[in-house]
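Heads up, the thing below is written out as structure tokens.
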Amino acid sequence: MSKMPVGVIGAGAIGKTHIDRALKHVDVELVGIADPVPQAEAFARSVGVPWFADYCQMLEVARPRGVMVATPNVTHARIATDCLERGVGVIVEKPIAHTVEDAQHICDISRSKDIPALVGHHRRYNPIVRHAKQIIDSGKLGRPVAATVLCTWRKPDEYFNVVWRREPGGGPILMNAIHDIDKIRHLFGEIESVQALVSNAVRRFVVEDTSAIICKFRNGAVGTMTVSDTCTAPWNWDLSAGEGELFPRQDADAYFLSGTEASITLPRLEIWEYRRGRGWHDPLTVERTALHKACPYAEQWRHFRALIEGLEPPVCSALDGLRTLEATLAVHAAAESGRSVRISN
Ligand SMILES: NC(=O)c1ccc[n+]([C@@H]2O[C@H](COP(=O)([O-])OP(=O)(O)OC[C@H]3O[C@@H](n4cnc5c(N)ncnc54)[C@H](O)[C@@H]3O)[C@@H](O)[C@H]2O)c1
């Protein structure tokens, strides 16, 4: 079976990860890297892949069937649209776009041209998330009741030497909690409304360093999410799930999802339930599952090919990316207004 030709647009921090996984992949062949800066040209040469300053030229010359768009957020909509209009499928890094209107535009073009568009919420491909989703969808938890999500850890002070990370758009809600919001939508249900408080009391930047979020789900469940990049704590997906080599793995949970019949924690995958009796005087039983590790970025490439070939439905569609973006932007709107904000889509 021949490999599917793919390209990467944007060879920055995360683009290099996608390039690395594509180069090692059995399903895809990296036929071009597009990024105008000289470092990207040097990098493309070092990995032996044709380099293009202009992504449209890459589409014409290298002819990928699908591309990864790993450029700054404000460029996502323009680039994704250009690719889709030329019949090339896209994975757009998160957030799908800078605004909900731009995200809608990507959804519309993808639908009208019938060309697939995925959004890079890569955690959905983690075996831990897949296992938890199977358990929850099987009804094992009963009716969803309450979700507690923690996204708390400490970024090193040098991280903030880059100016945009201290400004609106660069805080932990849009940078990090967007992945948690996507995951909780994926696992627990569509979010109906959010309320939120934000604080910049520790770092004193314009953008928040800490936030407390309350969600109401359409299925009647409620949830809380605590987000902070300034506290010393392990309760965060990046630190606890073991996805990235740069983060020492902590044996801790970040998600506590409770239903009427059982609760599940992630990433440790503990399931708590009553096997005798059914109330607080009865013993609770806990079972923990350890899974094989797998790279979600590599699995995302595999799925992208299967999607383009019509073999699998999208794991994280453009519409999913839009809904996650809308819920994430609603957190800031709720914090600014002091009111509950309804999610319309
Ligand atoms: N899924 C994840 O785990 C994850 C992690 C980090 C970042 N991201 C997302 O990925 C995107 C990129 O983030 P980053 O941290 O890699 O940024 P970065 O600044 O390190 O890299 C962006 C690259 O895009 C290039 N670029 C800019 N405009 C371009 C254009 N028109 N055509 C081609 N290349 C262009 C830049 O030269 C740069 O090399 C962002 O949307 C970010 O939110 C996702």
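One-based numbering, in listed order, for ligands and for the atoms of each.
For ligand 1, the 4.0 Å heavy-atom shell contains residues Ile9, Gly10, Ala11, Gly12, Ala13, Ile14, Ala34, Asp35, Pro36, Val37, Tyr55, Ala70, Thr71, Pro72, Asn73, His76, Ile79, Glu93, Lys94, Pro95, Gly120, His122, His179, Tyr297.
Residues satisfying the salt bridge (charged side-chain N to carboxylate O under 4.0 Å, His left out) criterion with Asp20, sequence neighbours excluded, are Lys24. Judged as a side-chain contact (heavy atoms from CB on, under 4.5 Å), and not counting sequence neighbours, the contacts of Glu243 are His122, Arg123, Asn126, Trp237, Pro296. Under the side-chain contact (heavy atoms from CB on, under 4.5 Å) criterion, Ala306 pairs with Arg302, Leu311, Glu312, not counting sequence neighbours.
Each of Ile9, Ile14, Val69 was evaluated against Glu93; a single residue qualifies, Ile14, per the side-chain contact (heavy atoms from CB on, under 4.5 Å) test. Among Lys140, Arg143, Arg278, the single residue meeting the side chain to side chain donor-acceptor pair (under 3.5 Å) criterion with Glu261 is Arg278.
Ring geometry for His303 versus Tyr125: interplanar angle of 30 to 60°, hence tilted.
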